[in-house]
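Below is one structure, written out as structure tokens; the observations come after it.
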2 protein chains.
Amino acid sequence: MLSLSEENYIKAIYHLQTKDNKRVSTSQLSEYIRNKASSVTDMLKKLASKSLIEYKKYQGVRLSNTGERTALMIIRKHRLWEVFLVEKLDFNWDEVHEIAEQLEHIQSEKLVDRLDSFLNFPKRDPHGDPIPNKHGEIEVHNKTRLSDLQLNESGIFVGVVDSSASFLVYLDKQGIALGKSLSVKEKEAYDNSLLIEYDNKHLRITALTAQNLYIKLNER
Amino acid sequence: MLSLSEENYIKAIYHLQTKDNKRVSTSQLSEYIRNKASSVTDMLKKLASKSLIEYKKYQGVRLSNTGERTALMIIRKHRLWEVFLVEKLDFNWDEVHEIAEQLEHIQSEKLVDRLDSFLNFPKRDPHGDPIPNKHGEIEVHNKTRLSDLQLNESGIFVGVVDSSASFLVYLDKQGIALGKSLSVKEKEAYDNSLLIEYDNKHLRITALTAQNLYIKLNER
DNA sequence: GATAAATATCAGGCTAAAATAAATAAAACA
DNA sequence: TGTTTTATTTATTTTAGCCTGATATTTATC
């Protein structure tokens, strides 16, 4: 059984290695997890001794198969709990992350599977992120962002890149919710800001905002 | 914010002091929590310094008002999660304790209150134990046990004293469920065993079993 | 290819929560 | 009441997970 801290490292390594698909360095982890690099090295040795990661001194780490499976199971729990909080307990999508950070460490496979079934085997969490199934299989999701669209193209808003509460609150305020159709009406060459249309209204958004929205392109 | 370990001590002190209504000794706690007495002493000093308990050297401890409130909030969480597991996720009453032991440490008042409301403000957990409300008020429950009944008296089975999985499994096997009406048909003076009747069948039970069942007497 | 800068590791130390072992206080009893 | 037994506390050690500061390795730069 893994400690809380070990689980957090595994999850962090998963996120970092999935983002840019290469070995994760000590300093990346140190930054992400907000511990000193020396502490990270200590933990990496421990995880390597448990065969959860493949660790080469000075060369960074990569999750082993077991490590990856472990990470996926933690992510599965996190995201299922988020769905529970939003769908059953009426939390907003910007409130659930912290609570799910705690719930993801509860140990009971049966609990997770029952929860999954209680929620009707949801495919995605409230932020549009895919939920691994009980075999650790996870849908790879379309990486198109709103900022990638051409003028006059449109698509469905399916997920966020940045799921910080402040960003989610901003989206709520503007009425931008998962599943809405957004179309690009203007592109400002100067600062890459966009004028978008949805629900019959227009909104000007910054390049950063556009980069933080995942879009599923409408078939043409 | 309290550590996991601190919370477990607080809860243990609550249970012990409520059981026989007097100060809890180091050795009682040591036995209950399965730590060495010396470790218990260390923790008691710490809890006293946080004003959660009133600690007198060699005289045992008692929870302060804050301590008691803290205990009640942990118990509230534990019991609400048990209800959730049984009612919503179809767990059996003998499977939920361990999982609830973990869930009771999740920190979020909002979560607990939402859960309470989602479950329709249940009064008791699956073992018949009362659930404190959000103000820390808890119903004191009737302490009549099946072993206290006279010959030919009957009552409703409302709770268990011993909620170990093995006892609960035994009750399930015999079809003895919360809410059933049980009546005493014979009392064996020799070993205090009883012949009871419920659901139109008869069962012989030991004195120990009878002591472990809380009964609400039928009005006469 | 040598050297500076950036990264990573090692050695040693701190704290929380446990353990052991030794010392002391309280309770039991002769 | 004095002595023995039991309970409790104090002192010291261990382990996990973090830290700081010193050293080693890699990468970048001239």
Inset, instruction - Step by step, work out the salt bridge (Lys or Arg N to Asp or Glu O under 4.0 Å) result for B:Arg79 and B:Asp116. - result: CA-CA 10 Å; B:Arg79 294 182 179 167; B:Asp116 196 10; over 6 Å; no

Rounded distance (Å) that lies between atom [atom2] of [N] and atom [atom1] of [X]:
{"X": "A:Asn8", "N": "D:dA16", "atom1": "CG", "atom2": "P", "result": "17 Å"}
{"X": "A:Glu6", "N": "D:dT15", "atom1": "CD", "atom2": "C1'", "result": "13 Å"}
{"X": "A:Tyr32", "N": "C:dT7", "atom1": "OH", "atom2": "C1'", "result": "21 Å"}
{"X": "B:Asn35", "N": "D:dT9", "atom1": "CG", "atom2": "C1'", "result": "16 Å"}
{"X": "A:Leu44", "N": "C:dT7", "atom1": "CG", "atom2": "C1'", "result": "13 Å"}
{"X": "A:Gln28", "N": "C:dA6", "atom1": "CD", "atom2": "P", "result": "18 Å"}
{"X": "B:Glu31", "N": "D:dA7", "atom1": "CD", "atom2": "C1'", "result": "14 Å"}
{"X": "B:Glu7", "N": "C:dA16", "atom1": "CD", "atom2": "P", "result": "17 Å"}

Output the single nucleotide from [options] whose closest atom is nearest the side chain of [X].
{"X": "A:Tyr58", "options": "D:dT10, D:dT26, D:dC19", "value": "D:dT26"}
{"X": "A:Thr41", "options": "D:dT10, D:dC19, C:dT9", "value": "C:dT9"}
{"X": "B:Ser38", "options": "D:dT26, C:dA21, D:dC19", "value": "C:dA21"}
{"X": "B:Lys36", "options": "C:dC10, C:dA19, C:dT9", "value": "C:dA19"}
{"X": "B:Lys57", "options": "D:dC18, D:dT9, D:dT25", "value": "D:dT9"}

Legend entry - Residue whose closest nucleotide on DNA chain D lies nearer the 5' end, A:Asp42 versus B:Lys56: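 Here B:Lys56 is the residue nearer the 5' end.
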
OP1, OP2 of [N] versus side-chain N and O of [X]: anything below 4.0 Å?
{"X": "B:Tyr55", "N": "D:dT9", "answer": "yes"}
{"X": "B:Ser25", "N": "D:dA7", "answer": "no"}
{"X": "B:Ser3", "N": "C:dA16", "answer": "no"}

Counting heavy atoms not belonging to [X], are there more than 12 under 6.0 Å from its [atom1]?
{"X": "A:Arg62", "atom1": "CZ", "result": "no"}
{"X": "A:Glu109", "atom1": "CD", "result": "no"}
{"X": "A:Glu98", "atom1": "CD", "result": "no"}

Inset, instruction - Examine the side chains of A:Tyr9 and A:Asn35 and answer whether a donor and an acceptor come within less than 3.5 Å of each other. - result: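 Looking only at side-chain atoms, A:Asn35 and A:Tyr9 do form a donor-acceptor pair, the distance falling under 3.5 Å.
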
Legend entry - B:Thr41 versus B:Ser38, side-chain donor and acceptor atoms under 3.5 Å: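 No, no side-chain donor-acceptor pair sits under 3.5 Å.
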
Inset, instruction - May I ask you to decide if A:Lys110's main-chain N or O and A:Asp113's side chain share a donor-acceptor pair within less than 3.5 Å? - result: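 No, because the side chain of A:Asp113 does not come within donor-acceptor range (under 3.5 Å) of the backbone of A:Lys110.
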
Inset, instruction - Indicate, with a heavy-atom threshold strictly under 4.0 Å, whether B:Ser39 touches base, sugar-phosphate, or nothing. - result: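 The answer is base, as B:Ser39 lies within the cut-off (heavy atoms under 4.0 Å) of a base atom.
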
Inset, instruction - Would you mind classifying the nucleic acid contact of A:Ser27 as base, sugar-phosphate or nothing, using non-hydrogen atoms under 4.0 angstrom? - result: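 A:Ser27: backbone/sugar contact only, no base atoms under 4.0 Å.
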
Legend entry - Of residues 97-107 of chain B, the positions that come close to DNA chain D - non-hydrogen atoms, cut-off under 4.0 Å: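 Here the set is empty: none.
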
Legend entry - Spatial distance of atom CG (A:Leu85) from atom CD (A:Glu95) [nearest 0.5 Å]: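 One finds 9.0 Å between CG of A:Leu85 and CD of A:Glu95.
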
